[in-house]
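Step one of this worksheet: look at the structure below.
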2 protein chains.
Amino acid sequence: MARSLRRISESTIHRLSIYYRALNQLERENYETISSKELAKREKLTPAQVRKDLSFFGSFGTRGLGYPVGELRNKIAEILGINRTWNVALVGVGNIGSALVSYKEFQKQGFKIKKIFDNDQRKIGSNHKGIVVSDIKKLFEELKDGEIEIVVVAVPATVAQIIVDDIVRAGIKAILNFAPMNLKVPDDVEVRNENMAMELEYLSFSLSNDSLRP
Amino acid sequence: MARSLRRISESTIHRLSIYYRALNQLERENYETISSKELAKREKLTPAQVRKDLSFFGSFGTRGLGYPVGELRNKIAEILGINRTWNVALVGVGNIGSALVSYKEFQKQGFKIKKIFDNDQRKIGSNHKGIVVSDIKKLFEELKDGEIEIVVVAVPATVAQIIVDDIVRAGIKAILNFAPMNLKVPDDVEVRNENMAMELEYLSFSLSNDSLRP
DNA sequence: AACCTGTTGTGAAAGGTTTCACAACCAGAC
DNA sequence: GTCTGGTTGTGAAACCTTTCACAACAGGTT
């Protein structure tokens, strides 16, 4: 059973995502069970880490046998909260925003884009995959009823904070941010950054300082 | 001066990116110097962490005064290796790939997309912002001369590994991966993942397990 | 020149994460 | 029923990162 008072680290949660994808693949390959050793090998992790990560949430394996693939997959989906659909709003239909609307992985994983906002008059009213783009001025109005649970921010850095203030005020607790900046939000709002510039800078550092890599 | 034998943690490198952006902003606001205290406050970090991070690379500040904004900005650019341009190739001009070609932040930061590849006959030969799309079959051939230093992979997960094997074989040491999967590469190749599904899953976990957040 | 305020740079302490190592256990063989 | 090989679950150890705390120092003031 879940250890209710334990805090779970960011790395552990990320690895659950990795296990989830690996287990889906194993299911396709008709595996019935998988050992921590084999799972770790596939994902370049250590067996102990796999077991420790899972043990935070319960004991799902059988000694001598390993973990039942389908069952563990479902259990992880449940832990991650992806055994259901989430209603998502997208703010900003520029280059990245438009790409996200068509991005099939989102839908596949149960993240449904329900509303789209932009401030460009030429875009407002236009149709993106069946969703009509609303005026960004209506953001607060449209988010405050609680239908939308996650908001994706894909606007220029210069306006991102203003928009996020509105989003927070409307009661949203989860934001995926593509603007290359640190958003300021209250502690009870979770922001994840998808910052390509930052990852490229990491690669640049890595190429420039071969000996200093972690 | 640089401490040559110290390994630098991933978190420290990511924070250097954060400091870099903050310092650019401070420069725009005409700050001449900034204390670790003030810089930390702006980015929701601790002063000690700012000082410790910087101290790995040298001592750039003045006791009693703080750090010189412009100078520190330049020094961090140098450490991150972004005081120059990098030649980038893009593989896959689907939704995400096309968005990246138009994404201005890349160019602004000195990451220049020089070559584009795809396997779709309708796309090969077409022009994206002045770059003609090449057949993905020519990937190895076109990368092996060393002009390209960083490759961005924006292809479906099913073909990502095959393509990456080619990229690695051609001698590329830095890859930015948008495919939702863990790529297998030798230890001397650095892969950064831009995995939106994973970040959404984190948000999903966060909304589902309020009490377990780190 | 002595003093005061502010801030860095950094060893040491605290806190967190990963790895180790092994008892506990399962399933199959004999 | 007992043994054997394999694997989990987990405290403890090792390792890594962050925070603390303070000496060292710059610059201004009296």
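Lettering follows sequence order; numbering is per chain, from 1. In this text the structure is predicted, and so the values were computed from the model without any measurement. What's counted below: heavy atoms across the whole structure, side chains too, no hydrogens, waters or symmetry copies.
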Distance in angstrom units between [X] [atom1] and [N] [atom2], rounded:
X: B:E10; N: D:dT17; atom1: CD; atom2: P; value: 10 Å
X: B:I34; N: C:dG6; atom1: CD1; atom2: C1'; value: 14 Å
X: B:F56; N: D:dC16; atom1: CZ; atom2: P; value: 12 Å
X: A:D53; N: C:dT18; atom1: CG; atom2: P; value: 7 Å
X: A:I8; N: C:dT18; atom1: CD1; atom2: P; value: 12 Å
X: A:I13; N: C:dG16; atom1: CD1; atom2: P; value: 15 Å
X: A:L16; N: C:dT17; atom1: CG; atom2: P; value: 14 Å
X: B:R7; N: D:dC15; atom1: CZ; atom2: C1'; value: 15 Å

How about A:Q49 and A:D53: does a side-chain donor come under 3.5 Å of a side-chain acceptor?
-> no
Using a 4.0 Å heavy-atom cut-off, write out nucleotides 24-30 of chain D from 5' to 3' as B (base contacted by protein), S (sugar-phosphate only) or - (no contact).
-> BBS----
With B:Y31, which residues qualify under ring-ring contact (aromatic ring centres under 6.0 Å, His included), at least two apart?
-> none
Take atom NZ in A:K41; do more than 12 heavy atoms of anything else shown fall under 6.0 Å from it?
-> no
Evaluate the criterion salt bridge (Lys or Arg N to Asp or Glu O under 4.0 Å) for residue pair A:E29 and A:R42; output intermediate values, then yes/no.
-> CA-CA 13 Å; A:E29 294 172 22; A:R42 284 187 166 231; 2.6 Å; yes
Take A:E10 and A:R192 through the test salt bridge (Lys or Arg N to Asp or Glu O under 4.0 Å) and record every step on the way to the result.
-> CA-CA 11 Å; A:E10 188 170 319; A:R192 302 299 302 176; 3.2 Å; yes
Within residues 66-79 of chain B, the residues having a heavy atom closer than 4.0 Å to DNA chain C are B:G66, B:Y67
4.5 Å side-chain heavy-atom contact, B:K52 and B:R15 = no
Could you check if a side-chain atom of A:V185 sits within less than 4.5 angstrom of a side-chain atom of A:E190, using non-hydrogen atoms only?
-> no
Could you go over nucleotides 19-21 of chain D and give all protein N or O partners under 3.5 Å, atom names and distances?
| from | atom 1 | to | atom 2 | distance (Å) |
| --- | --- | --- | --- | --- |
| D:dT19 | OP2 | B:T46 | OG1 | 3.1 |
| D:dA21 | N6 | B:R51 | NH2 | 3.2 |

Does the B:T12 side chain pair with the main chain of B:I8, one donor and one acceptor, at a distance under 3.5 Å?
-> no
Would you verify whether the NZ or CZ of B:R73 falls within 45 degrees of the ring axis of B:Y20 while also being under 6.0 Å from that six-membered ring's centre?
-> no
Could you note down all residue pairs passing side chain to side chain donor-acceptor pair (under 3.5 Å) where residues 109-118 of chain B supplies at least one of them, sequence neighbours left out?
-> B:K115-B:E142
Are B:S59 and C:dT8 close enough that a side-chain N or O sits under 4.0 Å from OP1 or OP2?
-> no
Let me check something: any side-chain donor-acceptor pairs from residues 61-72 of chain A under 3.5 Å, sequence neighbours excluded? List them with distances.
none

